[in-house]
Amino acid sequence: MEAPFSDITLYAPTPHAVGTAGYWEDTSLKNFVSDLYVQRMNGYKPPNTTRITLEPSFHKIWNRTWKDGSLVSIAPFFSYDEYASLDKKGKYKYVLDVIHTAVLQLSDEYKWDRTVFEKAYKEIIESDFEFKIIYPTKMSRDKKKVGQVLIEKTQKVTTLNLLFTIGNDIKKVTLFENRNWFWYDIAYEIAKNSKWLDNNTFGVYSKKSDRYGYYSLLDDVVIGKLDFKEDEFII
């Protein structure tokens with residue numbers, strides 16, 4: 001089975017020492033935007049590519065892009081001074097533009113579908129960087145209720161929710177909150193599989209991670225195995 005596309009990693013420069021608050025702020029910000037961009041690709045896999053790395057430190061040193069197996073690398077321009085002068089949303093936009101410009105260049109060179117990336121960029125701008133992924137609805141067996149999975153993210157936290165629609169009412173239930181591991185977040189693996197156990201109990205499960213979580217509308221309780229470790233993620 002061919003490996004899926006996993007991530008776009010921007011190795012942007014930072015003056016902060018590894019492990020400091022400033023370092024983690026810069027790292028989480030660029031990873032948050034990159035993860036959002038990848039999710040807005042809606043599962044598209046550039047042909048024969050599983051990862052893209054952006055290496056600004058090699059700008060004007062590399063005279064071409066590089067392809068090593070399924071890894072593609074490019075060296076775009078990145079000005080930390082300009083980035084640092086911006087507010088939070090401005091930094092999001094700056095990082096997004098660096099990623100998008102680089103990926104469009106790669107699309108032209110490697111004959112990828114540009115429309116996928118153009119659509120991703122447009123959706124991110126229009127949503128003002130709101131990170132929400134809403135999964136398809138599933139009807140209960142009695143046809144009276146609808147269940148749905150919703151992932152919401154901030155730079156630091158990933159939240160996996162269940163949405164229940166009963167008539168005109170919508171009920172939102174949080175299954176868990178975990179550290180945001182960006183592209184390798186365990187929430188993505190768990191959210192892929194959802195089902196109704198009966199007419200009142202809906203949730204998600206993952207054989208790969210051996211985790212599951214269901215909410216009973218009747219008993220108003222979460223049932224599951226959701227004991228994540230702080231550093232747990234899925235590759």
Practice prompt. Answer yes or no: is there a side-chain heavy-atom contact under 4.5 Å between Ser57 and Pro13?
Written response: no

Worksheet item: Looking only at heavy atoms, which two atoms of Arg141 and Leu197 are closest? And how far apart?
Response: NH2-O, 2.9 Å

Discussion item. Would you say that more than 12 heavy atoms from the other residues, nucleotides or ligands in this model lie under 6.0 Å from the CG of Asp68, or not?
Written reply: no

Worksheet item: Is the backbone of Ile124 close enough, under 3.5 Å, to the side chain of Ser127 for a donor and an acceptor to pair up by distance?
Response: yes

Fill in: Working for side-chain hydrogen bond (donor to acceptor under 3.5 Å, both in side chains), residues Asp97 and Tyr121
CA-CA 9 Å; Asp97 286 343; Tyr121 183 88; 2.6 Å; yes

Worksheet item: Would you say Ser34's side chain and Lys30's backbone share a donor-acceptor pair under 3.5 angstrom?
Response: no

Item to complete: Applying salt bridge (charged side-chain N to carboxylate O under 4.0 Å, His left out), run through Lys122 and Glu118 and close with a yes or a no.
Response: CA-CA 6 Å; Lys122 183 173 183 289; Glu118 290 165 346; over 6 Å; no

Fill in: Common cluster, Ile186/Val38, ILVMFWY with side-chain heavy-atom separation under 4.5 Å
yes

Worksheet item: Ile133 and Arg40: which non-hydrogen atoms are nearest, and at how many Å?
Response: CG1-NH1, 4.4 Å

Worksheet entry | N/O donor-acceptor pair under 3.5 Å between Asp35 side chain and Asn31 backbone | no

Worksheet entry | Expected output: side-chain Tyr44 to main-chain Asp113 donor-acceptor under 3.5 Å | yes

Discussion item. Whether the side chain of Lys45 engages the backbone of Thr49 through a donor-acceptor N/O pair (distance < 3.5 Å, no angle test) should be reported.
Written reply: yes

Fill in: Atom NZ of Lys67: over 12 foreign heavy atoms under 6.0 Å
yes

Worksheet item: What pairs of residues pass the salt bridge (Lys or Arg N to Asp or Glu O under 4.0 Å) test when at least one of them lies in residues 128-137, not counting sequence neighbours?
Response: Lys89-Asp128, Glu130-Lys132, Lys132-Glu152

Practice prompt. With rounding to the nearest 0.5 Å, note down the distance linking CG in Asp87 to NZ in Lys93.
Written response: 12.5 Å

Practice prompt. Examine distances only and state if a side-chain atom of Asp198 and a backbone atom of Thr201 form a donor-acceptor pair shorter than 3.5 Å.
Written response: yes

Worksheet item: side-chain hydrogen bond (donor to acceptor under 3.5 Å, both in side chains) between Ser206 and Glu189: does it pass, once the steps are laid out?
Response: CA-CA 7 Å; Ser206 167; Glu189 172 62 28; 3.2 Å; yes

Item to complete: For Ala187 and Ile151, work out which heavy atoms get closest and say how close.
Response: O-CD1, 3.7 Å

Discussion item. Quick check with a 6.0 Å cut-off and a 45 degree axis cone: is Arg64 positioned over the face of Trp66's six-membered ring?
Written reply: yes

Item to complete: List the steps and the verdict of side-chain hydrogen bond (donor to acceptor under 3.5 Å, both in side chains) for Asn178 and Thr158.
Response: CA-CA 5 Å; Asn178 202 23; Thr158 297; over 6 Å; no

Discussion item. Could you go through Ser6 and Trp183, starting from their C-alpha distance and side-chain angles, then the distance that decides it, and tell me whether this counts as side-chain contact (heavy atoms from CB on, under 4.5 Å)?
Written reply: CA-CA 7 Å; Ser6 61; Trp183 324 273; 5.8 Å; no

Worksheet item: Looking only at heavy atoms, what is the nearest atom pair of Glu25 and Ser28, with distance?
Response: O-OG, 3.2 Å

Worksheet, complete the sentence: Rounding to 0.5 Å, atoms CZ (Arg51) and OG1 (Thr9) come to a distance of 4.5 Å

Item to complete: Test ring-ring contact (aromatic ring centres under 6.0 Å, His included) on Tyr215 and Phe164 and set out the steps.
Response: CA-CA 10 Å; Tyr215 178 76; Phe164 294 89; 5.6 Å; yes

Practice prompt. Starting at CD of Glu177, measure out to OG1 of Thr159 and round the result to the nearest 0.5 Å.
Written response: 4.0 Å

Worksheet entry | Criterion side-chain contact (heavy atoms from CB on, under 4.5 Å) on Trp181 and Arg179, from CA distance to verdict | CA-CA 6 Å; Trp181 283 101; Arg179 176 177 174 177; 3.8 Å; yes

Worksheet item: Would you call Leu160 and Thr174 a side-chain contact if the rule is heavy atoms closer than 4.5 Å?
Response: no

Practice prompt. Measure the acute angle between the ring planes of Phe58 and Trp62, then classify it against the limits of 30° and 60° as parallel, tilted or perpendicular.
Written response: parallel

Worksheet entry | Heavy-atom closest contact (Phe202 atom, Lys138 atom, distance) | CE1-CB, 4.2 Å

Worksheet item: Out of curiosity, does Leu226 fall in the hydrophobic cluster containing Tyr214 (side-chain heavy atoms, cut-off under 4.5 Å, transitive links)?
Response: no

Under 3.5 Å, sequence neighbours excluded: what are the donor-acceptor pairs made by side chains of residues 69-85?
from  : atom 1 : to    : atom 2 : distance (Å)
Ser70 : OG     : Thr50 : OG1    : 2.6
Ser73 : OG     : Thr53 : OG1    : 2.7
Ser79 : OG     : Glu82 : N      : 3.2
Tyr80 : OH     : His16 : NE2    : 3.4
Tyr80 : OH     : Asp26 : OD2    : 2.9
Tyr83 : OH     : Asp26 : OD1    : 3.2
Ser85 : OG     : Glu82 : O      : 2.7

Discussion item. Hydrophobic clustering (ILVMFWY, side-chain heavy atoms < 4.5 Å, transitive) - are Leu29 and Leu54 grouped together?
Written reply: yes

Discussion item. Would you call the rings of Trp112 and Phe117 parallel, tilted or perpendicular, taking 30° and 60° as the class edges?
Written reply: tilted

Item to complete: Describe, in one word, how the ring planes of Tyr92 and Phe129 are oriented to each other, choosing from parallel (under 30°), tilted (30 to 60°) and perpendicular (over 60°).
Response: tilted

Fill in: Check: Val221 main-chain N/O paired with Asp219 side-chain donor or acceptor under 3.5 Å
no

Practice prompt. Tell me yes or no: between the side chains of Lys156 and Asn180, is some donor less than 3.5 Å from an acceptor?
Written response: no

Item to complete: Taking the side chain as every heavy atom from C-beta outward, state whether Tyr212 and Ile190 have any atom pair closer than 4.5 Å.
Response: no

Worksheet item: Between Lys171 and Leu163, does a side-chain contact (heavy atoms from CB on, under 4.5 Å) hold up when you go through it step by step?
Response: CA-CA 6 Å; Lys171 182 180 181 67; Leu163 299 178; over 6 Å; no

Worksheet item: If you measure from OH on Tyr37 to CG on Asp7, what distance do you get to the nearest 0.5 Å?
Response: 14.0 Å

Discussion item. Any side-chain to backbone donor/acceptor pair from Lys145 onto Asn199? Under 3.5 Å, distance only.
Written reply: yes

Worksheet item: How far apart are the closest heavy atoms of Tyr11 and Glu55, and which atoms are they?
Response: CD1-OE2, 3.6 Å

Practice prompt. Would you verify whether the NZ or CZ of Lys153 falls within 45 degrees of the ring axis of Phe32 while also being under 6.0 Å from that six-membered ring's centre?
Written response: no

Discussion item. Rounded at 0.5 Å granularity, tell me how far OG1 in Thr101 sits from CG in Leu96.
Written reply: 8.5 Å

